[in-house]
Structure formats: structure tokens, C-alpha cells
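Input: a single structure, listed below in C-alpha cells.
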Amino acid sequence: MPIKEIVALLSSVGFSSPPAWLRPYHVLSTGQQFRVTLASLLADSGTGPAPVVLDEFTSTVDRTVAQIGSAALAKTVRARKQQFIAITCHEDVEAWLNPDWVYRPDTNTFTW
């Protein structure tokens, strides 16, 4: 992937600090690691039809980071014409992701 595309992808998920890009993953904050993971998953899948799936989506970050990450992710996924499946117990991300569909196992309901 060209550097310009990597920079755009990292920035699109809210990880836009060049000094932080130079740090090893293990020294990044939890929120930064969350954003890097999102960018990495999106980059690995390219723009093909295979969905990107992330379990425990936003479980390791505070709700502000979850909101920023979710909104940025939704915009990026749509712009790249990708599919993303967030598996999470946090209902607050639904509004930020604005998903095409939602499945709730606790009530066994599926909505478009």
C-alpha cells in the first residue's frame, strides 16, 4: 500500500499524529491501539467484498474514543465501499456507526 494511502487511512480513523506513527504498537495508548487496529483491518481487506469483522468493538476504550472512532470508521468504510461488522455489547455505538443492519442476540431480533 502506498504511503499516501496509509497516511489517509490512519487519519481517517482518527490516528493522525505523525510522531505517534513512529512509536511501537505496545507503547501506544489504548485508544491509539484501537484506531491502529481499525486502520490495519481496513487496509488488510483492501476494497474487496469480504467483510471486516471486529469482536469486542470499542470494549477497551472510553465512550468518547468509541464515539470518535465509530463515526470515523463509518465514514471510512462507506467511502472505501467496504463492509464492516462490529460485534459489541455497547449499544451506544449503533447511533455513531449508523449501520445498515443490527442483530441483537439477547432479544433475537434483526433489523435493517
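A distance of 4.5 Å separates CD1 of Ile3 from CD1 of Ile6, quoted to the nearest 0.5 Å. Taking CZ of Phe15 as the reference point, atom OG of Ser40 lies at 12.0 Å (rounded to 0.5 Å). Once rounded to the nearest 0.5 Å, the distance linking CZ of Arg78 with CG of Asp100 reads 5.5 Å. Taken from CD1 in Ile85 to CG in Leu54, the straight-line distance is 11.0 Å, to the nearest 0.5 Å.
Note on residues 10-23: pairs passing side-chain hydrogen bond (donor to acceptor under 3.5 Å, both in side chains), not counting sequence neighbours, are Ser12-Thr76. Pairs passing the salt bridge (Lys or Arg N to Asp or Glu O under 4.0 Å) check and including a residue from residues 50-74, sequence neighbours excluded, read Arg63-Asp92. Each salt bridge (Lys or Arg N to Asp or Glu O under 4.0 Å) pair with one or both residues in residues 102-112, not counting sequence neighbours, appears once here: Glu91-Arg104, Glu94-Arg104.
Here the shortest heavy-atom pairing between Leu10 and Ala39 reads CD2-CB, 3.8 Å. Of all the heavy atoms in Ala74 and Trp96, the pair that sits closest is CB-O, 4.1 Å. Listed here is the closest heavy atom pair of Leu38 and Val13: CB-CG1, 4.3 Å. Closest of all the heavy-atom pairs between Ala72 and Gly14 is CB-N, 4.5 Å. Nearest heavy atoms, Ala43 versus Met1: CB-CE, 3.7 Å.
At least one side-chain heavy atom of Val53 sits less than 4.5 Å from a side-chain heavy atom of Ile87.
Remark: the backbone N or O of Leu42 is paired with a side-chain donor or acceptor of Arg80 at under 3.5 angstrom. In this structure, the side chain of Gln32 engages the main chain of Ser29 through a donor-acceptor pair within 3.5 Å. For the pair Thr88 (side chain) and Phe57 (backbone), a donor-acceptor distance under 3.5 Å is present. Using modelled atom types, one side-chain atom of Gln33 and one backbone atom of Tyr25 make a donor-acceptor pair closer than 3.5 Å.
Residues Leu9 and Leu41 are members of one and the same hydrophobic cluster, defined by side-chain heavy-atom contacts under 4.5 angstrom among Ile, Leu, Val, Met, Phe, Trp and Tyr. Note on Phe84: it does not cluster hydrophobically with Ile68, by side-chain heavy-atom contacts below 4.5 Å among ILVMFWY residues. If you chain together hydrophobic residues whose side chains sit under 4.5 Å apart, Val52 and Val36 fall into the same group.
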**Request:** Could you go through the side chain to side chain contact (heavy atoms under 4.5 Å, CB included) check for Leu73 and Leu97 one step at a time?
**Result:** CA-CA 7 Å; Leu73 174 70; Leu97 286 173; 4.1 Å; yes
**Asked** Between Tyr103 and Thr111, is a side-chain hydrogen bond (donor to acceptor under 3.5 Å, both in side chains) present by the stated rule, with each step listed?
**Response** CA-CA 7 Å; Tyr103 172 65; Thr111 55; over 6 Å; no
